[in-house]
Amino acid sequence: MRAGSMIFSLVQVPRCRIHRLANYWGETFHSLSKTCGNNSSVRLLSSRIYGLQGGQKRKWTRRPITTNTEGTGSTKSRSTKHEILSEPILKTFTENVNKEQVVEFDNVQYCNLQQEIAQNKDLSSLVTVITFDIETTGFSRENDRIIEIALRDLQGGENSTFQTLVNPERCVPNSHIHHITTHMVNRPEVPRMEELIPILLQFVRSRQKPRGYVLWVAHNGRAFDFPFIMNEFRRHSTEIPPNWLFVDTLLLARELMKARGTKSTSISLGTLCEHYRIHVDGQAHRAMVDANTLALVLRRLTGDLKLTLSDLVKRSFTAFDIINSKKKKNSD
DNA sequence: TGCCAGGCCCTCTTTAGGGCCTT
């Protein structure tokens, strides 16, 4: 059986009043634990793009890059072969992606999510939940750069994940953290951020529902991942799509801690994994591994907090919120 | 010389500071 066909789509869930996320995603997460690292993904680790502006033709090389990945808590060493996949969807990403399309994408009229929530409607046909993680050259969103990005669409199915190294065009000083070296990313085959953004937008677009929203989930995303992504977009004169919402699992973990009256407990992703006895399948601090781990943590957190998809949307914030809070703080 | 990230939360608190979390 193909892994993708085992994934339980959110769209297939019958409408009901109580939309427990844990119930919705039960099958999805069950499958996730089996399929992490499988071939239901789009990897973009070896690419070359020409002429992003003006819809010029671009070429993609098929140059496999091999990286060694150490398994956490294990002496086993795995060799992962990264190369451009040949699925039709990837062809869609790599052909005819230009800024005009992105602008067209931004002109789409989205549904009124608040109204849908107020009417207690099932949001599963409107919201795409994506866990994601980035690896960077450091903590500074201004001075550091993204060197790896990975996404997992929780509705599963074919091409539900996206991962790639990113060429930062600078040295990587913190390889001891993620084991991504300067040599691995500073290569012509590895896409630069300005090349990657249109493809990333196209991928997300392929996963979202008609007139729907995309809920990005990251751990400590409010302070780190989301502003980092926003800065990269700003640097390359691209606006964050208006239908992107963000949820921070660190805030959910704090909420759970508070509800339980627990204090002074670590709520790092690693500690949450230990708490929930989640097996990390691969090397932590690699984007895809952490995005997969986060998907499992999210399931447990939303289950413990008894959150529906609507509840999660209510706890989300927008790029505007992040910018606004920063401006407000600066003016204080 | 001192700083070199920044948002959120807690507390010995809000006219502030320290710790956690992300790489």
Side-chain angles (χ1 to χ4, degrees), chain A residues 67 69-70 72 130-152 163-182 184-186 193 216-232 234-235 245-276 278 280 282-295 297-298 301 305 315-332:
Chain A
T67 57
T69 306
E70 297 285 342
T72 305
I130 290 177
T131 58
F132 87 105
D133 186 56
I134 57 174
E135 303 305 322
T136 69
T137 58
F139 290 127
S140 171
R141 66 188 70 160
E142 291 297 333
N143 302 321
D144 290 307
R145 294 292 183 270
I146 294 173
I147 53 173
E148 188 177 42
I149 184 166
L151 284 65
R152 173 171 283 278
Q163 65 175 122
T164 184
L165 291 174
V166 184
N167 187 343
E169 299 181 296
R170 62 180 63 191
C171 289
V172 180
N174 55 347
S175 298
H176 62 286
I177 299 292
H178 36 56
H179 298 177
I180 298 172
T181 63
T182 302
M184 284 167 65
V185 290
N186 279 276
M193 203 63 201
W216 293 76
V217 181
H219 197 63
N220 198 27
R222 172 89 193 197
F224 185 73
D225 302 70
F226 307 143
F228 232 109
I229 291 282
M230 288 168 58
N231 262 29
E232 292 283 15
R234 178 182 53 77
R235 226 175 260 126
L245 305 173
F246 303 105
V247 163
D248 188 343
T249 46
L250 187 68
L251 303 182
L252 295 182
R254 281 198 185 121
E255 186 178 335
L256 180 63
M257 229 169 54
K258 194 173 179 181
R260 290 180 170 175
T262 316
K263 291 177 182 175
S264 303
T265 303
S266 170
I267 47 174
S268 68
L269 192 58
T271 305
L272 290 171
C273 281
E274 287 176 18
H275 173 71
Y276 287 127
I278 292 171
V280 178
Q283 181 198 325
H285 283 300
R286 285 304 296 263
M288 195 71 250
V289 173
D290 284 357
N292 287 334
T293 302
L294 182 62
V297 168
L298 176 67
L301 282 174
L305 286 166
R315 284 162 175 75
S316 71
F317 44 90
T318 65
F320 178 79
D321 293 330
I322 294 173
I323 295 168
N324 215 30
S325 65
K326 194 177 174 183
K327 281 181 181 172
K328 191 177 175 184
K329 191 171 182 182
N330 289 339
S331 65
D332 286 343

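Proteins come first, then strands; the chains are lettered A, B, ... in the order of their sequence lines, and each starts at number 1. Heavy atoms only: backbone and side chains are in, while hydrogens, waters and symmetry mates are out. All values derive from a computational prediction rather than experimental measurement.
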Interatomic distance where [atom1] belongs to [X] and [atom2] belongs to [N] [whole Å]:
X	N	atom1	atom2	result
A:E142	B:dC3	CD	C1'	17 Å
A:R145	B:dA5	CZ	P	15 Å
A:F226	B:dC8	CZ	C1'	14 Å
A:N231	B:dG7	CG	C1'	14 Å
A:D321	B:dC8	CG	P	10 Å
A:I323	B:dG6	CD1	P	15 Å

Does a salt bridge link [X] with [Y], judged by any charged N lying under 4.0 Å from a carboxylate O?
X	Y	value
A:E255	A:K258	no
A:E169	A:R145	no
A:E135	A:R286	no

Under 3.5 Å, which protein N or O atoms sit close to an N or O of nucleotides 21-23 of chain B? Give each pair with its distance.
from, atom 1, to, atom 2, distance (Å)
B:dC21, OP1, A:S266, OG, 2.7
B:dC21, OP1, A:I267, N, 2.3
B:dC21, OP1, A:S268, N, 3.1
B:dC21, OP2, A:S266, OG, 3.4
B:dC21, O2, A:N220, ND2, 2.9
B:dT22, OP1, A:L269, N, 2.7
B:dT22, O4', A:N220, ND2, 2.9
B:dT23, OP1, A:D133, OD1, 3.4
B:dT23, OP2, A:H285, ND1, 3.3
B:dT23, O3', A:E135, OE1, 2.4
B:dT23, O3', A:T136, N, 2.9
B:dT23, O2, A:N174, ND2, 3.2

Inset, instruction - May I ask you to verify if any side-chain N or O of A:R222 is less than 4.0 angstrom from the OP1 or OP2 atom of B:dG7? - result: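 It does not, given that no N or O in the side chain of A:R222 lies less than 4.0 Å from OP1 or OP2 of B:dG7.
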Atom [atom1], compared across [N] and [M]: separation rounded to whole Å:
N	M	atom1	answer
B:dT13	B:dG18	P	13 Å
B:dC8	B:dC3	C1'	23 Å
B:dT15	B:dT1	P	35 Å
B:dC9	B:dT14	C1'	13 Å
B:dT23	B:dG7	C1'	16 Å
B:dC12	B:dG19	P	14 Å

Minimum heavy-atom distance [X]-[Y], with the two atoms named:
X	Y	result
A:V217	A:L294	O-CD2, 3.4 Å
A:T181	A:S175	CA-OG, 3.4 Å
A:C171	A:T137	O-CG2, 4.0 Å

Inset, instruction - Pick out which of A:T249, A:T293, A:V297 makes a side chain to side chain contact (heavy atoms under 4.5 Å, CB included) with A:L272. - result: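 Filter result, single survivor: A:V297.
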